[in-house]
Each structure stands twice: as C-alpha cells, then as structure tokens.
There are 2 protein chains.
Amino acid sequence: MSRTPPNPPGATRPQASSTAVARLAGVSQSTVSRVFSAGAAAVSAPVRERVMKAAAELNYRPNALPGILQTGRSGIIAVVVGGFYNPFFTEFLRCVTGLLRERRLEIMLVDTASDDNLNDIVGELSRYRIDGVISAMAIHSAKVARKLESAGIPIVAVNSKRVGNMRTVSTDNRAAGGVAADVLVDGGCKRIAYLAGRDSQAQSERERGFLKRLEERGRRKPERVLAGFSYEEGHAAAVELLSAGSRPDGMFCVNDLVALGAMDAIRQAFGLSVPGDIQVVGFDDIPMAGWRAYELTTFHQDMEALARGSVELLVDEPANPRITVPCRLVPRGTTRL
Amino acid sequence: MSRTPPNPPGATRPQASSTAVARLAGVSQSTVSRVFSAGAAAVSAPVRERVMKAAAELNYRPNALPGILQTGRSGIIAVVVGGFYNPFFTEFLRCVTGLLRERRLEIMLVDTASDDNLNDIVGELSRYRIDGVISAMAIHSAKVARKLESAGIPIVAVNSKRVGNMRTVSTDNRAAGGVAADVLVDGGCKRIAYLAGRDSQAQSERERGFLKRLEERGRRKPERVLAGFSYEEGHAAAVELLSAGSRPDGMFCVNDLVALGAMDAIRQAFGLSVPGDIQVVGFDDIPMAGWRAYELTTFHQDMEALARGSVELLVDEPANPRITVPCRLVPRGTTRL
DNA sequence: CGTATCGTTGAATAGCTATGCAGGGGCGTA
DNA sequence: TACGCCCCTGCATAGCTATTCAACGATACG
C-alpha cells in the first residue's frame with residue numbers, strides 16, 4: 001500500500017491506472033488495455049490471467065474518460081423532466097432508464113421548471129459532452145432547443161411542438177381528444193365542460209381534437225375552465241365551475257391529476273355523484289386512476305412506446321424525425337360507456 | 001470551416017477546442033483557458049474580448065473531461081432509486097436534484113430493483129469516476145455497499161442499515177412507530193393490526209417501535225399481515241385480513257400506498273367506515289394522502305432534510321457518519337385524534 | 001538610471017486509455 | 001534451411017484543458 005497525497009474532502013480514493021496494473025503484472029499498458037477491451041483481443045491465456053490477478057489486487061477499474069476525450073462521445077444521455085409532481089413523468093423516466101441501460105448508455109438527470117435554469121444547463125451539458133437530450137417537460141422552450149442545436153447536441157422532445165431540427169415523439173393527443181368527445185356525447189351528456197391545462201402542445205392538441213369532434217356532432221362549444229396540471233388545481237377548477245352555478249353533466253380533463261381533483265370536488269364538496277350526475281374523462285392513465293376510490297375512465301399513454309420512440313429517434317436517427325404513438329381509451333367507472 | 005471525418009450515427013457534431021479558439025483569436029491556448037476559468041484570471045480586457053468573440057464564432061464550450069482526467073473528480077453523483085412506483089422516491093429525487101444542482105454537481109440516475117443489475121452498475125459508475133453515490137432503495141444490499149467501498153466510492157444510504165463505512169441518513173422510524181401506537185391506542189382501538197412491508201430497515205424499525213410501544217401500553221401483539229409496499233398489495237392484504245374474519249379496529253401501515261390500498265378495501269369491498277369502524281395510520285405523507293377522498297393520518301417524512309443530509313454527508317463529510325431526521329405526525333381524518 | 005515588482009502571456013506538461021504500427025518468436029511448408 | 005505467416009506483445013501517440021514556470025514589457029521607486 002503506497003502512500004497517496006491527501007485528498008480534498010469528499011474525493012474518491014485515487015483509482016489504480018492501467019499502467020499500475022501493467023507494472024505489477026510485468027506487462028505493458030497496452031496489454032492491460034487489451035485484456036479489458038470488449039472485443040476478443042489477442043492476449044495469451046497466461047498473460048491474461050496474470051493481468052486479471054494484478055487488476056484484482058489493485059482494485060483496478062477501467063477509466064472511460066480518456067476514451068470519451070478522443071471520440072467525443074460520452075455515452076451519456078441527458079433526460080430532462082419538467083417537475084416530478086406528475087406520475088406520468090416518473091413513469092416515463094422509468095421506461096427510459098430501462099431502455100438506455102440496455103444500450104449501455106448512462107442517464108444524466110435534469111429536473112427543471114424554469115427556463116433560466118435550463119439555459120445554464122445547456123452549457124453544463126456541453127461541458128460533459130452529452131451525446132443527446134431527451135426532453136419530457138410539460139412546456140418546452142424553443143429558445144433552449146435552438147441553443148442545444150447550436151451546441152450540436154441532438155434533442156428529442158416528448159409531446160412537444162417541433163422546433164428546428166428537433167426530433168419529436170408524441171401521443172396522438174388530437175385523436176384522443178376526439179374520442180373523449182365521443183365518449184361523453186354517446187354517454188348522453190348534454191352540458192359538457194373542459195378542464196384545461198396551461199399552454200402546452202399536449203394540452204392544445206387534446207383540446208383541439210375535443211372541440212372539433214364536439215362541433216362535428218353538433219354540440220356547441222363546451223364551457224372551459226383553466227385548471228393547470230395538478231390535483232389541487234383540478235379540485236379548485238371544479239369548485240369554481242360548480243360554484244358558478246353551471247351544472248355540467250360531462251367533463252374532459254387535461255390529465256388524470258386534474259380529473260381526480262375534480263372528482264373529489266364533485267363528490268365531497270358538492271355531494272354529487274360520478275358518473276351519475278357528472279361523467280368524467282381523464283388523460284394519462286396514471287396508477288391512481290385505477291384506484292378503487294376513483295376508477296377513472298381515461299386514456300392510456302403508451303409510455304413504453306413513447307420511451308422506445310425517444311431512444312430510437314435519438315440513437316438510431318431514423319429518416320423520419322417524428323413519431324406519433326396511438327393511445328387507447330380505458331373505460332372504467334366514471335362514464336356510462 | 002474545416003472538413004471533419006464523418007461521424008458515427010447519433011454522434012454529436014465535433015466541438016471546437018480551446019486550441020481552435022486560440023488560433024482564431026491569435027493567442028495561446030493557455031489564454032483561452034484563463035478566459036474561461038472561473039477565478040478572476042489575469043487577462044487584459046482587449047484580449048479577453050477577442051477570445052470571447054472567437055469562442056462565440058466557433059460555438060466553443062469548455063470541455064470538462066480533461067480536468068476530470070487529472071483531478072479524478074467528475075463532479076457527478078449517482079443517485080440510485082429502487083423503483084419509481086412510490087411517490088416517496090420521486091419526491092426524494094426532486095429534493096436531491098435541486099440540492100446537487102446548487103452545488104454544481106451533476107446527477108447520474110440509476111434505477112434498479114435487482115441486485116445483479118446493481119452489481120454491473122458499480123463497475124459502470126467506476127468507469128465514469130463517479131464522486132459518490134446516494135442510495136434510496138427500499139432494500140439495500142450489503143454486498144453492493146462493500147463493492148462500492150472497495151472501489152473507493154463513498155456512499156450515503158437513506159433509511160438503511162449501516163454497512164462498513166457507509167454513511168446513512170434516516171427518518172426516525174422507530175420513534176414514529178411508537179407514536180403510531182399511541183395514536184391508535186389513545187384513539188380507543190382494541191384490536192390493532194400491522195400491515196408490514198417486505199424486509200427492509202425502514203420497515204423493521206417502524207414495526208419495532210410500534211410493537212414496543214404497544215407492549216409498554218399493555219396491549220398484546222397486533223395481528224401482522226405482509227403487504228409489501230404498493231397500493232395493490234395493501235389492498236390485497238386488507239382483503240385477506242378482513243376476509244379471515246378478524247375485525248381489527250385500528251391499522252398501522254408500513255407506508256401510505258399500502259394504507260390507501262387498505263382504505264379502499266375497507267370501504268369499497270367491505271362497506272366499512274374509516275375511521276368509524278377502522279382507524280388507519282400511514283407513513284410518508286405522499287401527496288395522495290392529503291387527497292380529499294382519503295385524508296389519511298400519516299407521518300410526514302421531511303424529504304428536504306433527508307435530501308440535505310444525504311448531500312452534506314456525501315460532500316462535506318462531517319465527523320458523524322449518520323444523521324437521524326425526526327418526522328412528525330400529520331393528523332387527518334382517518335383517526336380519532 | 002538601476003532594480004524590483006507587477007501584470008500579462010506563452011510554452012510545456014500531466015492525466016489515462018485505445019489503437020496503429022512494428023518487432024519477435026514460433027510454426028508450417030517448400 | 002529458408003521463407004512466409006500468424007500470434008502475441010510493446011512502443012508511441014492523440015485527445016483537451018488547467019496549471020506551473022518562465023519570460024517579457026512596463027511601471028514605480030530609490
């Protein structure tokens with residue numbers, strides 16, 4: 001055990017280098033490198049064994065950094081999520097981490113809501129020579145996208161409008177909005193309301209499809225309340241809606257959290273029944289939508305497909321830079337259908 | 001614009017080096033480095049300006065890798081979470097990402113349930129010269145901890161038993177278990193049940209404190225049902241318990257997800273009332289515990305404190321390698337108190 | 001005017017691995 | 001024996017930045 005200089009606080013113990021292993025094993029550094037290289041390198045059995053033994057003794061682990069320095073490829077993908085409050089994001093994260101790990105790519109996590117923050121972060125990611133970015137924020141910034149592009153970092157955005165050369169993968173929000181309209185109309189709803197999210201691509205597409213189908217079926221424009229994306233906001237929006245005296249008998253909500261908040265308001269604060277008095281449709285199919293207290297009719301976003309699309313778009317660079325993933329209605333207990 | 005060799009698919013556009021900037025600005029590479037170094041380096045105003053202009057033209061971003069190569073410190077912390085299903089983990093993740101970002105540390109995300117997987121991952125993290133690991137798995141592996149230690153990578157574990165030189169930060173699970181017993185006993189419960197999680201430090205500490213206090217207060221051992229950690233498992237466990245004919249009037253659940261599942265079983269499947277027929281206490285205080293349909297009495301884990309403790313323990317390396325964070329009862333509507 | 005000092009800049013180097021190139025030895029074949 | 005070939009190993013190098021040391025000019029002071 002040789003003495004090493006004192007480390008700054010929090011420093012890792014200095015790692016053995018391949019040169020040190022080589023010295024101990026009585027071979028050259030190249031040979032050590034070959035032993036640890038993935039390809040079936042040409043190393044004789046006895047030498048290989050000696051190297052392995054020396055490596056074990058020194059606790060040697062190959063260092064990826066010099067390789068990155070030469071190739072410029074770090075094998076690291078940044079995943080940007082816009083707030084963890086929504087289980088939708090965490091489920092997406094779960095799927096993506098699994099897929100990236102299969103491809104032996106590392107995940108750098110970036111959590112941000114504000115744009116300023118993201119601006120700094122672009123610089124930070126460049127410093128580490130990130131190979132690409134998968135962005136699953138609720139609200140995307142065109143400015144940041146362009147900045148990444150100018151830095152030469154490819155980006156895939158989920159449920160986002162296309163900016164520059166950005167690749168996108170999206171749920172077919174518009175089609176689902178249409179189906180939501182069908183469900184409520186076919187279920188016999190006469191006075192329909194829409195609980196909207198803040199401005200985002202997903203939100204506006206869902207609303208567009210919903211409005212279009214309602215119009216096609218001869219209904220007038222539904223009442224619209226701004227709810228945001230959270231349970232509390234959904235609850236407040238429903239209270240506002242029902243307090244104002246309007247009594248809708250059908251509600252389409254921008255996502256499940258909003259829908260669940262609205263349901264609780266309808267039932268607890270107003271003593272009304274779902275689906276008896278008001279039918280409710282959500283979006284995302286987060287686990288809570290299936291909980292017995294809710295049994296929410298909603299749309300299942302195929303997270304597995306969204307995640308796979310993101311990774312393929314980023315890594316394989318297929319010809320078509322945009323993927324649309326269908327999503328399916330999950331009929332449960334909050335609608336008549 | 002000089003020609004560069006073709007890139008492999010998915011490669012980032014090659015980044016300009018400080019040497020290239022230096023050439024364009026007509027200065028030395030050292031000078032460019034000084035302009036971009038944080039400390040107020042001694043560079044004259046006109047030179048600085050010329051360098052900045054050249055850098056902007058080439059879209060230059062400093063490369064962190066050579067520095068890492070020399071110092072051995074990557075500025076990257078790995079955060080290991082054991083499954084995203086529990087909002088507890090995601091909330092922890094949110095807090096930790098914020099704190100690490102403040103300290104200008106990057107986050108490498110590792111999601112794993114299985115140990116085998118983790119074993120590979122230790123090697124992977126060494127390759128990137130990770131500065132440290134924050135582990136928030138439900139179930140920790142002593143083997144992995146030792147392997148990390150032998151690799152010289154410091155580790156902080158949350159709600160885990162101490163292994164080797166590992167640093168730990170934990171909620172005071174045992175004390176909280178005692179308070180849970182008080183709440184149920186003081187609330188008048190006569191037949192108390194415990195819905196247990198799978199083997200983990202948090203689980204066993206909560207149970208230990210709970211049992212000890214019940215004994216101190218002259219109650220006999222509560223009925224114990226194994227539930228796991230999820231909503232579905234909690235639901236199933238409660239169904240099992242109530243179907244078996246035993247009719248507890250108080251329940252302490254290893255976490256909120258289990259408690260919410262149990263509540264839905266009690267109410268929907270058996271038509272019983274909470275807290276009328278059965279009082280329920282959970283653990284974690286995830287957002288859903290406050291939802292109007294549940295209003296679950298539970299213990300708030302101070303995630304902010306747990307996260308801060310983790311980061312400080314890892315980065316500042318204080319004398320005491322273990323931190324215990326108190327947690328507080330949040331009385332809501334599922335108990336009489 | 002001589003010297004010390006300071007501010008600014010350049011040259012050289014360390015940090016570690018993968019890889020191309022060359023050399024050495026062994027073996028088979030003519 | 002001579003030659004060619006293959007297998008294995010070592011040598012040298014690129015990749016980029018921060019930092020140390022030296023050098024240079026200018027300024028200030030005695």
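A quick note: this is a predicted structure, and the numbers were derived from the prediction, not measured. FYI, side chains are in, hydrogens and waters are out, and symmetry mates aren't considered; it's all heavy atoms of this structure. Order of the sequence lines sets the chain letters (A, B, ...), proteins ahead of strands, with each chain counted from 1.
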Original post:
Just checking, is any N or O donor in the side chain of B/S28 or B/T31 under 3.5 Å from an acceptor N or O on the other one?
Top reply: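 Side chains of B/S28 and B/T31: pair found under 3.5 Å.
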
Original post:
Hey, are A/R322 and A/N320 close enough side-chain-wise for a donor-acceptor pair under 3.5 Å?
Top reply: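 There is no such pair between these side chains.
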
Subject >> Heavy-atom side-chain proximity of B/Q201 to B/R162 below 4.5 angstrom >> reply: no

Original post:
Does a side-chain heavy-atom distance below 4.5 Å link B/E102 with B/L99?
Top reply: yes

Using a cut-off of under 3.5 Å, enumerate the N/O to N/O pairs linking the protein to nucleotides 8-12 of chain C.
| unit_1 | atom_1 | unit_2 | atom_2 | d |
| --- | --- | --- | --- | --- |
| C/dT9 | OP1 | B/S44 | OG | 2.8 |
| C/dT9 | OP2 | B/S44 | N | 2.9 |
| C/dG10 | OP2 | B/S28 | N | 2.9 |
| C/dG10 | OP2 | B/S28 | OG | 2.9 |
| C/dG10 | OP2 | B/T31 | OG1 | 2.6 |
| C/dG10 | N7 | B/R34 | NH2 | 2.9 |
| C/dA11 | N7 | B/S30 | OG | 3.2 |
| C/dA11 | N6 | B/S30 | OG | 3.0 |

**OP:** Considering only NZ, NE, NH1 and NH2 on the basic side and carboxylate oxygens on the acidic side, decide whether A/E149 and A/R146 come within less than 4.0 Å.
**Re:**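 The answer is no: the pair does not qualify as a salt bridge.
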
Original post:
If you pin B/L69 and B/V32 to their nearest nucleotides in DNA chain D, which one's is more 5'?
Top reply: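 The answer here is B/L69.
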
Nearest-0.5 Å distance that lies between atom [atom1] in [X] and atom [atom2] in [Y]:
X: B/D302; Y: B/R308; atom1: CG; atom2: CZ; answer: 7.0 Å
X: B/N159; Y: B/L306; atom1: CG; atom2: CG; answer: 6.5 Å
X: A/F89; Y: B/R94; atom1: CZ; atom2: CZ; answer: 13.5 Å

Subject >> Outermost nucleotides of DNA chain D that come under 4.0 Å of a non-hydrogen atom of chain A >> reply: D/dC8 to D/dC16

**OP:** Remember a base hit wins even if backbone is also touched, and classify A/S18 as base, sugar-phosphate or nothing at under 4.0 Å, heavy atoms.
**Re:**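 It contacts sugar-phosphate atoms only.
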
